[in-house]
Number of protein chains: 2
Amino acid sequence: MVQRNTDVSVQVSGSHDTAACTVIEVLDRVSGKWAIGILIATAHGPVRFTELERSIKGISRRMLTLTLRNLERDGLLVRKVYPTVPPKVEYTATDIALELYESLASLTSWAERHRTAIAAARDAYDRAER
Amino acid sequence: MVQRNTDVSVQVSGSHDTAACTVIEVLDRVSGKWAIGILIATAHGPVRFTELERSIKGISRRMLTLTLRNLERDGLLVRKVYPTVPPKVEYTATDIALELYESLASLTSWAERHRTAIAAARDAYDRAER
DNA sequence: CTGTATCCTCCGGGATACTG
DNA sequence: CAGTATCCCGGAGGATACAG
């Protein structure tokens, strides 16, 4: 989770600072290397711990647990334990999480529209600066 | 900038993995403690270096420079130098940046709608776990 | 005024081993 | 199966000083 501005981050005037704060709230929830992946992986029904571990390539058991706990803490995931043996645990996205998932669509759209332009800008910049 | 999955991050099936990747592209552009603040501060016309330094509370000169360079490199900001003495430098948001700025609106909306629910979930979780 | 250059700290996250 | 517990490392970012 990136260290962010908790106090009034931008001091323009009017509503810009609160806008910044609000956006930052979301980003803090979604920051971290794995949160988005988990959100997406749980967006279509309950998923078990090991399923997640397998579907999210490269995640360590530790980070999977930690990220799940954070998402659960924020009310984005529900953790249900079946007291069987061996144990079974299911994680389910809440409505709030699903709404977030949809809100990310406009960002996805932005990235798709401008991905090549951004790559080009990057190339140009890098070629110029050396 | 948070360390993220560059390879296929989520292996569900169909388009979920590409969706994840695309979202992550944006987040990488916007991650870092200060990028959003700068985006917002430059969203309403050219701003000078020192103006930014003053309006974005708590930012160090180093991070201001670094973040500005990254945003410029991605084509989100244009840096214009007036060869006067003392020097004057203006940063202007590009159209791409402005579009991004607007796309963030749905996230802001999400945060506003659920902020209290999230806070409540957090409280409940913390009270339960001890 | 607009930056660079260094040094240093903190913490997100990986690797590995152990457990109910 | 679903986690904890430790140890460790790299890099984001702060503080400070210097410069064109």
Side-chain angles (χ1 to χ4, degrees), chain A residues 1-7 9 24 27-38 41-42 46-73 77-92 125 129-130, chain B residues 1-7 9 24 27-38 41-42 46-73 77-92 125 129-130:
Chain A
M1 181 158 329
V2 185
Q3 197 83 333
R4 286 188 192 282
N5 249 349
T6 48
D7 27 80
S9 42
I24 284 164
L27 292 176
D28 280 346
R29 220 127 269 128
V30 146
S31 69
K33 195 173 173 180
W34 306 105
I36 298 260
I38 292 180
T42 53
V47 191
R48 297 185 58 171
F49 187 87
T50 312
E51 290 184 76
L52 287 171
E53 195 173 17
R54 270 195 305 266
S55 65
I56 303 174
K57 293 285 196 61
I59 194 170
S60 65
R61 189 160 284 158
R62 186 182 108 94
M63 286 317 294
L64 178 54
T65 306
L66 283 179
T67 310
L68 286 171
R69 290 290 177 279
N70 284 331
L71 293 173
E72 186 195 359
R73 186 166 104 105
L77 248 39
V78 173
R79 176 170 178 270
K80 177 154 195 187
V81 183
Y82 298 86
T84 60
V85 37
K88 171 180 173 179
V89 180
E90 272 182 356
Y91 292 90
T92 311
Y125 185 93
E129 307 303 294
R130 182 175 15 85
Chain B
M1 185 159 323
V2 184
Q3 196 84 336
R4 287 189 189 281
N5 249 351
T6 48
D7 28 83
S9 43
I24 284 165
L27 292 177
D28 279 346
R29 219 127 269 124
V30 146
S31 69
K33 196 174 175 181
W34 306 105
I36 299 262
I38 292 180
T42 53
V47 192
R48 297 186 57 172
F49 186 87
T50 314
E51 290 184 77
L52 286 170
E53 195 173 18
R54 270 196 305 266
S55 66
I56 303 172
K57 292 286 195 65
I59 194 171
S60 64
R61 189 161 286 160
R62 187 182 108 93
M63 287 317 295
L64 178 54
T65 305
L66 282 179
T67 310
L68 286 172
R69 290 291 175 279
N70 284 330
L71 293 174
E72 187 196 357
R73 187 167 104 104
L77 246 41
V78 173
R79 177 171 179 267
K80 178 156 194 186
V81 184
Y82 298 86
T84 60
V85 35
K88 170 179 173 180
V89 179
E90 272 183 357
Y91 292 90
T92 311
Y125 185 94
E129 307 304 293
R130 183 180 16 87

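Hydrogens, waters and symmetry mates play no part in the numbers below; they use all other heavy atoms, side chains included.
Distances were taken from every side-chain heavy atom of V89(B) (C-beta onward) to each of dA2(D), dG3(C), dC1(C); the shortest belongs to dG3(C). Taking every side-chain heavy atom of P87(B) into account, dT2(C) is the closest of dT2(C), dT4(D), dC1(D).
Computed from C1' positions of five pairs at each end, the angle between the two local axes of the helix from dC1(C)-dG20(D) to dG20(C)-dC1(D) equals 50°, rounded to 10 degrees.
The distance from the CG atom of D28(A) to the CG atom of N70(A) is 11.0 Å, given to the nearest 0.5 Å. In this structure, CD1 in I59(A) is found 5.5 Å from CH2 in W34(A), a value given to the nearest 0.5 Å.
Partners of E53(A) according to the side-chain contact (heavy atoms from CB on, under 4.5 Å) rule, which considers only residues two or more places apart in sequence or in another chain, are F49(A), T50(A), R61(A), L64(A). Residues forming a side-chain contact (heavy atoms from CB on, under 4.5 Å) with P46(A) (at least two apart in sequence, or on another chain): E90(A), T92(A). Looking at residues two or more places apart in sequence or on another chain, you find a side-chain contact (heavy atoms from CB on, under 4.5 Å) between S60(B) and R62(B), M63(B). Judged as a side-chain contact (heavy atoms from CB on, under 4.5 Å), and not counting sequence neighbours, the contacts of E72(B) are Y125(A), R69(B), R79(B).
Of the side-chain N and O atoms in R48(B), none sit less than 4.0 angstrom from OP1 or OP2 of dG3(C).
Going from atom CG of L64(A) over to atom P of dA2(D) covers 10 Å, rounded to whole Å. Rounded to whole Å, atom P of dG3(D) lies 11 Å from atom CG of L66(A). Atom NZ in K57(B) sits about 20 Å away from atom C1' in dG13(D), given to the nearest Å. Remark: C1' of dG3(C) and CG of L52(B) are 13 Å apart, rounded to the nearest angstrom. As a whole-Å value, the separation of N70(B) CG from dG3(C) C1' is 15 Å. The interatomic distance linking E72(A) (CD) with dA2(D) (P) rounds to 15 Å, in whole Å. Atom pair L68(B):CG and dG13(D):P shows a separation of 14 Å (rounding to whole Å applied). Rounded to an integer number of Å, the gap from R79(A) CZ to dC1(D) P is 16 Å.
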Taking only N/O atoms, report every protein-nucleotides 14-18 of chain D pair under 3.5 Å with atom names and distance.
| from | atom 1 | to | atom 2 | distance (Å) |
| --- | --- | --- | --- | --- |
| dG14(D) | OP1 | K33(B) | NZ | 2.7 |
| dG14(D) | OP2 | W34(B) | NE1 | 3.4 |
| dG14(D) | O6 | R62(B) | NE | 3.2 |

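Note on Y82(B): nothing from the nucleic acid sits closer than 4.0 angstrom, heavy atoms only.
Contact detail for A35(B) and V30(B): the closest heavy-atom pair is CB-O, 3.7 Å. Nearest approach of L52(A) to Y91(A), heavy atoms of both residues: CD1-CD1, 4.2 Å.
Residues I38(B) and L77(B) have side chains in contact (heavy-atom distance under 4.5 Å, counting atoms from C-beta outward).
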